[in-house]
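Accompanying notes for the structure given below.
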Protein chains: 2
Amino acid sequence: MALNKSAVVDTALDLLHEAGLPGMSMRTLATRLNVQPSALYWHFPSKQALLAAVAERVLADVAPVEAGPSAPDELRGVARAMRIAVAGVPDGAEIVALGLAAGATNPVAGAVARTCARHGGGDRAAGLTTALTAYVLGLTIEEQTHHNLAAVDPSMPRVHYDSRFDEGLEAMLAGVTD
Amino acid sequence: MALNKSAVVDTALDLLHEAGLPGMSMRTLATRLNVQPSALYWHFPSKQALLAAVAERVLADVAPVEAGPSAPDELRGVARAMRIAVAGVPDGAEIVALGLAAGATNPVAGAVARTCARHGGGDRAAGLTTALTAYVLGLTIEEQTHHNLAAVDPSMPRVHYDSRFDEGLEAMLAGVTD
DNA sequence: ACCTGAACACCGTTCAAGT
DNA sequence: ACCTGAACACCGTTCAAGT
């Protein structure tokens with residue numbers, strides 16, 4: 001049975017769930033696929049390109065947001081959908097940041113555009129997309145890094161990122177008056 | 001002349017400015033310091049601990065923000081000061097995210113607290129700190145990753161992150177009504 | 001077209017031993 | 001206390017050669 005891109009991405013996601021990014025080397029990936037490491041380079045030009053493909057898979061799993069009663073309600077839903085997809089795979093936030101930097105299409109952009117079409121404020125769509133995306137990725141990168149550090153050093157204080165995420169999101173949506 | 005922590009951090013920052021994170025290995029660092037790689041492990045328990053110390057140095061360079069006429073004005077200044085410090089060193093955003101995850105004190109927290117003390121809204125101080133910090137780091141990580149990719153593949157389309165940063169920041173401060 | 005085998009040029013980290 | 005020397009167990013990537 002021949003190797004192909006999507007089988008490689010599948011197995012990469014398996015390894016990520018088992019041991020995170022440090023456990024997913026081109027060599028462990030090749031071993032899992034019963035192939036030599038060099039075989040992967042026929043399908044992907046580099047590990048970064050492979051990770052970008054993983055990022056696109058993760059982004060494809062961002063749940064669509066149905067129409068809501070207000071713009072803040074819908075945008076809250078968009079941000080949470082992005083966070084759930086990205087936090088669902090170990091080191092997923094870092095991988096998705098790489099993917100977006102490499103030019104992957106950001107599903108938040110379309111969702112924000114639809115919200116602005118329904119509730120107005122289309123002139124701020126680009127800014128809102130940047131703000132929500134960078135916020136979700138920034139906080140989740142910190143969270144997943146913290147998780148990796150705490151796994152090695154259990155004396156580290158626990159931090160509750162889910163409630164911090166909601167707090168920060170509400171502050172963003174509320175804005176600052178004066 | 002004996003080695004010490006701050007000399008190691010100094011030289012690490014030199015190497016980061018010359019070649020970014022990929023160019024700053026424990027081995028290149030040791031070579032630059034005329035020492036064996038293993039010598040570094042007397043001063044720092046791991047490379048991550050060393051990078052956390054680099055992060056604290058970067059965070060110490062966040063410029064303090066003077067009192068302004070309004071809360072949004074001050075918070076804009078806080079976010080920009082954070083961005084300037086972090087974007088000023090190659091791969092600085094990723095390093096600072098690691099530092100914060102490891103427990104470094106975030107200068108944005110104090111600055112936001114002072115702004116809330118002056119202009120009110122102290123109940124949102126924690127949320128605003130989380131929102132501004134994660135936003136700055138998230139966008140700057142994407143930017144610096146994009147920069148590293150474009151250095152290897154010059155056919156990549158350029159992106160202007162400075163204007164995107166301002167757009168996203170204004171959207172955050174404005175908030176979403178309805 | 002797709003993969004093997006073998007190598008190249010690196011990594012972070014450990015640890016006995018020196019001074 | 002502070003560092004050397006040498007090793008261990010890995011990396012990503014390349015490339016001739018096979019099928």
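Naming convention: chains lettered A, B, ... in sequence-line order (proteins, then strands); numbering from 1 in each chain.
Inspection of the Thr28(A) and Thr31(A) side chains reveals no N or O donor paired with an N or O acceptor under 3.5 Å. There is a side-chain donor-acceptor pair under 3.5 Å between Asp73(B) and Ser70(B).
At least one side-chain heavy atom of Leu98(A) sits less than 4.5 Å from a side-chain heavy atom of Leu149(B). You'll find the side chain of Val159(B) reaches within 4.5 Å of the side chain of Tyr161(B), heavy atoms only. The shortest distance between side-chain heavy atoms of Met172(B) and Tyr135(A) does not fall below 4.5 Å. For the pair Phe165(B) and Val136(B), the minimum side-chain heavy-atom distance is below 4.5 Å. No side-chain heavy atom of Leu137(A) sits under 4.5 Å from any side-chain heavy atom of Leu137(B). The shortest side-chain heavy-atom distance between Asp10(B) and Arg57(B) falls under the 4.5 Å cut-off.
Across dC10(D) and dA9(C), the matching P atoms stand 22 Å from one another, rounded to whole Å. Of the C1' atoms belonging to dA16(C) and dC3(D), the separation is 13 Å, rounded to the nearest Å. Atom C1' of dC11(C) sits at a distance of 12 Å from the matching atom of dC8(D), rounded to the whole Å.
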Output side-chain donor-acceptor pairs under 3.5 Å for residues 79-97 of chain A, partner residues at least two apart or in another chain, one line each.
residue, atom, partner, partner atom, Å
Arg80(A), NE, Asp166(A), OD1, 3.4
Arg80(A), NH2, Asp166(A), OD1, 3.2
Arg83(A), NH1, Thr140(A), OG1, 3.2
Arg83(A), NH1, Glu143(A), OE1, 2.8
Arg83(A), NH2, Glu143(A), OE1, 3.1
Arg83(A), NH2, Glu143(A), OE2, 3.4
Arg83(A), NH2, Asp162(A), OD1, 2.7
Asp91(A), OD1, Asn148(A), ND2, 2.9
Asp91(A), OD2, Leu21(A), N, 2.8

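For DNA chain D, no neighbouring residue in residues 141-156 of chain A is found when judged by any heavy atom under 4.0 Å. A heavy atom lying under 4.0 Å from DNA chain D marks the following residues of residues 36-49 of chain B, by number: Gln36(B), Ser38(B), Ala39(B), Trp42(B), His43(B). Near-neighbour residues of DNA chain D inside residues 16-26 of chain B, defined by a heavy atom below 4.0 Å, are absent. Interface residues of residues 96-103 of chain B facing DNA chain D, ordered by number: none; criterion, heavy-atom separation under 4.0 Å.
Rounded to a whole Å, the NZ atom of Lys5(A) is 16 Å from the C1' atom of dC3(C).
No donor-acceptor pair under 3.5 Å is formed between the side chain of Thr133(A) and the backbone N or O of Thr130(A). A donor-acceptor pair under 3.5 Å links the side-chain atoms of His17(B) to the main chain of Leu13(B), judged by distance alone. Counting only distance, with no hydrogens or angles, the side chain of Glu74(A) and the backbone of Ala67(A) share no donor-acceptor pair below 3.5 Å.
Ion pairing between Arg114(A) and Glu66(A) fails under the 4.0 Å rule for side-chain N and carboxylate O. Ion pairing between Arg76(B) and Glu170(B) holds under the 4.0 Å rule for side-chain N and carboxylate O.
The neighbour count for His43(A) NE2, taken as heavy atoms of other residues, nucleotides or ligands under 6.0 Å away, is above 12.
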For this session: Kindly express the pairing pattern of DNA chain C in dot-bracket notation, using | wherever a base pairs with another strand and counting only Watson-Crick or G-U pairs under 3.5 Å.
Result: ||.|||||...|||||.||
